[in-house]
Number of protein chains: 2
Amino acid sequence: MHEMIHRPVTLRDVAVKAGVSTSTVSRVLDDRIQSKSETAKRVREIAEELGYRRNTYASSLRRGETTLIGVVVPRLTDAVMALMFEAIERAARKRGHVAVVTTSGDDPDDEIQAVERLLDRNVDSVILATARMDDTLPASLRQKSLRHALVLRTDGTSPSSLGDDFQGGYFAVRHLVDLGHKNIAIITGPEFTSSAHDRVAGAKQALEEGGISIDASRIIFASYGIEAGIAFGKELLAQDPPTAIFAANDNIAIGIMTAAEQAGLKIGRDLSIVGYNDIPLAERLPVSLTSVRVPFDNIAETALDLLANPDPNPIRRAMPVLMPRRSTSHPAG
Amino acid sequence: MHEMIHRPVTLRDVAVKAGVSTSTVSRVLDDRIQSKSETAKRVREIAEELGYRRNTYASSLRRGETTLIGVVVPRLTDAVMALMFEAIERAARKRGHVAVVTTSGDDPDDEIQAVERLLDRNVDSVILATARMDDTLPASLRQKSLRHALVLRTDGTSPSSLGDDFQGGYFAVRHLVDLGHKNIAIITGPEFTSSAHDRVAGAKQALEEGGISIDASRIIFASYGIEAGIAFGKELLAQDPPTAIFAANDNIAIGIMTAAEQAGLKIGRDLSIVGYNDIPLAERLPVSLTSVRVPFDNIAETALDLLANPDPNPIRRAMPVLMPRRSTSHPAG
DNA sequence: CTGTTAGCGCCTTCAG
DNA sequence: CTGAAGGCGCTAACAG
């Protein structure tokens with residue numbers, strides 16, 4: 001019983017034990033080739049037995065490619081980003097690729113650094129979940145002809161896979177209009193995101209169809225956080241409160257709930273709220289939140305398609321679904 | 001204006017242009033060495049100018065190491081896990097390492113596969129945020145002498161970095177006792193986690209010190225999810241409801257809030273609740289949640305220390321802090 | 001401080 | 001189908 005030095009098992013070890021050359025082993029173990037000869041079978045057995053594991057570094061160095069996809073998100077503690085990354089990870093795995101994630105915060109400079117970090121790891125493509133409409137990063141990636149795709153937002157040019165935010169916004173407010181609300185306010189995301197704009201545009205169309213016109217001051221561009229929901233929720237509820245609010249993000253909706261609670265309003269009775277994204281928390285809140293479900297898995301698959309097959313018309317939108325819950329009902333009046 | 005093939009810039013390119021050997025360039029660009037000769041300066045400039053980027057695969061292959069840390073979490077959509085990974089990522093970056101994460105779900109088999117995936121990427125150490133007390137995986141890692149550490153939970157043997165769950169549990173219930181509660185219930189995590197046990201043990205000590213004894217049926221081992229909080233919250237509140245509940249996890253606490261809401265109880269007045277972890281959502285809930293803050297950054301740093309310097313006494317516990325908020329107050333009676 | 005040499009482990013010609 | 005040979009890009013040992 002002696003200490004073993006754990007030198008990893010190499011192709012050579014397998015080759016020697018099988019009495020063949022390393023080339024043969026390499027070929028047998030190459031998934032792209034399907035050999036079922038006797039030798040192949042034996043080699044596979046021995047590899048298994050020895051616990052052979054391909055050295056990614058050597059392999060990638062030789063092949064000159066990595067099948068490594070880098071993902072940049074502002075933060076993982078945002079449930080939307082966590083959902084998005086998990087979906088990308090699943091989709092990548094399905095195709096035999098690997099996804100790695102790094103966080104960038106909200107600063108465009110940090111975003112550049114995040115991409116640098118990924119390139120330092122030799123990823124061969126990048127997925128950005130952070131794109132601002134005025135962001136120069138996608139342009140610079142295009143210029144470097146670095147394979148990339150945007151998810152959840154778009155800059156209008158780079159390959160992008162996102163939910164149909166216009167439709168989602170439409171569904172949300174259409175739902176409120178159908179319930180009979182006429183006094184509706186909207187809190188959406190930052191000016192610089194396509195999602196914030198598109199959701200509002202869809203919302204406006206639903207209002208229009210319902211013959212409802214609302215004051216411009218009733219459409220607020222905020223940020224996608226609970227704080228924003230609390231602050232602007234308070235503001236909206238302070239005087240002449242609406243009977244319903246469309247929050248273009250579940251966090252905002254939760255913030256509004258907090259504001260409403262503190263104003264003594266009962267959600268779903270005194271105030272209807274629709275959120276967006278349908279994060280897992282939404283349906284489990286004290287008053288379950290009506291929300292627009294975004295098909296993250298779909299979006300992830302499409303993003304990987306876009307990476308694999310560059311497309312001349314590279315902006316793909318997946319249809320979201322309204323999930324009605326207890327936070328919305330007919331107006332009290 | 002002709003198409004350029006984007007062959008990446010190599011060490012050789014830099015060497016040629018600088019009129020030196022590749023070794024020199026390699027050394028100059030090695031962070032571990034600090035040369036400030038004229039040549040070094042010039043080489044650095046040329047590398048910069050050419051946009052040289054070290055090929056990680058070649059470098060790691062040659063060096064035989066990767067400075068790549070693999071992290072396994074059950075899921076990133078759990079805020080606790082997202083916080084933990086972000087902290088690890090920060091700590092790793094500070095040391096010039098890189099952390100990659102993969103998710104395992106709750107199935108121990110998937111956990112093994114997750115580690116396999118990481119090993120396929122040639123990580124040279126692994127951090128597990130999933131360890132069950134009865135888990136065989138840490139033991140098998142020990143046997144393979146694969147560098148690893150557990151975070152947030154421990155199996156009692158492998159190097160572990162976690163919060164002091166006993167103290168945290170003590171602080172939580174001590175707070176309730178100090179407020180005057182005598183009718184207290186506890187909902188904790190799964191049987192198979194050290195955290196669930198230790199938090200209860202600390203809680204018990206606080207009860208004891210307060211001269212309070214509670215029925216065994218008032219201590220419930222559940223899972224760390226909102227669902228569990230809703231289900232067992234309902235159960236507890238159905239008859240002879242406690243005036244306070246210690247939830248060993250914020251998700252459970254949120255679930256209890258939902259149950260309380262539906263039972264017509266007002267949190268903080270009719271029912272006090274203390275959570276655990278202090279996820280960002282906690283302080284932003286309609287009624288802000290008193291919770292035990294876990295020092296994730298601390299835990300991450302320590303985990304990396306443990307990976308770097310194997311320690312004979314490898315279980316380190318960081319002190320948590322109680323964050324009192326509106327969900328707790330004196331009992332109504 | 002610098003250059004020469006040798007290979008890390010693997011994959012892919014090219015011959016057989 | 002198989003083996004021999006060469007090299008991906010980089011770094012460590014060695015000599016100068």
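Below, read A as the first sequence line, B as the second, and so on, with proteins coming before strands; counting in each chain starts at 1. Since this is a predicted model, take the numbers as computed values, not measurements.
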Heavy-atom nearest nucleotide on DNA chain C taken for B:Leu61 and for B:Thr24; more 5' hit belongs to B:Thr24

Please report, rounded to the nearest Å, how far the [atom2] atom of [N] is from the [atom1] atom of [X].
| X | N | atom1 | atom2 | result |
| --- | --- | --- | --- | --- |
| A:Arg63 | C:dG9 | CZ | P | 17 Å |
| B:Arg42 | C:dC1 | CZ | C1' | 14 Å |
| B:Leu29 | D:dT11 | CG | P | 8 Å |
| B:Arg54 | C:dC8 | CZ | C1' | 16 Å |
| B:Arg62 | C:dC10 | CZ | P | 16 Å |
| B:Asp30 | D:dG9 | CG | C1' | 15 Å |
| B:Asp120 | C:dG9 | CG | P | 17 Å |
| A:Arg12 | D:dA5 | CZ | C1' | 14 Å |

Taking atom CZ of A:Arg12 as the centre, report whether more than 12 heavy atoms of other residues, nucleotides or ligands fall under 6.0 Å from it. no

Taking for each residue the nucleotide of DNA chain D with the nearest heavy atom, is it B:Leu11 or A:Gly19 whose nucleotide lies nearer the 5' end? A:Gly19

Reckon A:Ser23 touches a base, only the sugar-phosphate, or nothing at all at heavy-atom distances under 4.0 Å? base

Which part of the nucleic acid, if any, lies within reach of A:Thr10 when heavy atoms closer than 4.0 Å are counted: base, sugar-phosphate only, or nothing? sugar-phosphate

Closest to the [X] side chain, choosing from [options]:
| X | options | result |
| --- | --- | --- |
| A:Arg27 | D:dT11, C:dT4, D:dG3 | D:dG3 |
| B:Val20 | C:dG3, C:dT12, D:dG9 | C:dG3 |
| A:Asn55 | C:dT4, C:dG9, D:dC10 | C:dG9 |

Please tell me if [X] has a side-chain N or O lying less than 4.0 Å from either OP1 or OP2 of [N].
| X | N | value |
| --- | --- | --- |
| B:Ser59 | D:dT11 | yes |
| B:Thr39 | C:dT2 | yes |
| A:Tyr52 | C:dC10 | yes |

Does the side chain of [X] pick up a donor-acceptor pair with the side chain of [Y] at under 3.5 Å?
| X | Y | value |
| --- | --- | --- |
| A:Ser59 | A:Thr56 | no |
| B:Arg153 | B:Ser195 | no |
| A:His148 | A:Ser158 | yes |

Mind checking what makes ring-ring contact (aromatic ring centres under 6.0 Å, His included) contact with B:Tyr57, not counting sequence neighbours? A:Tyr57

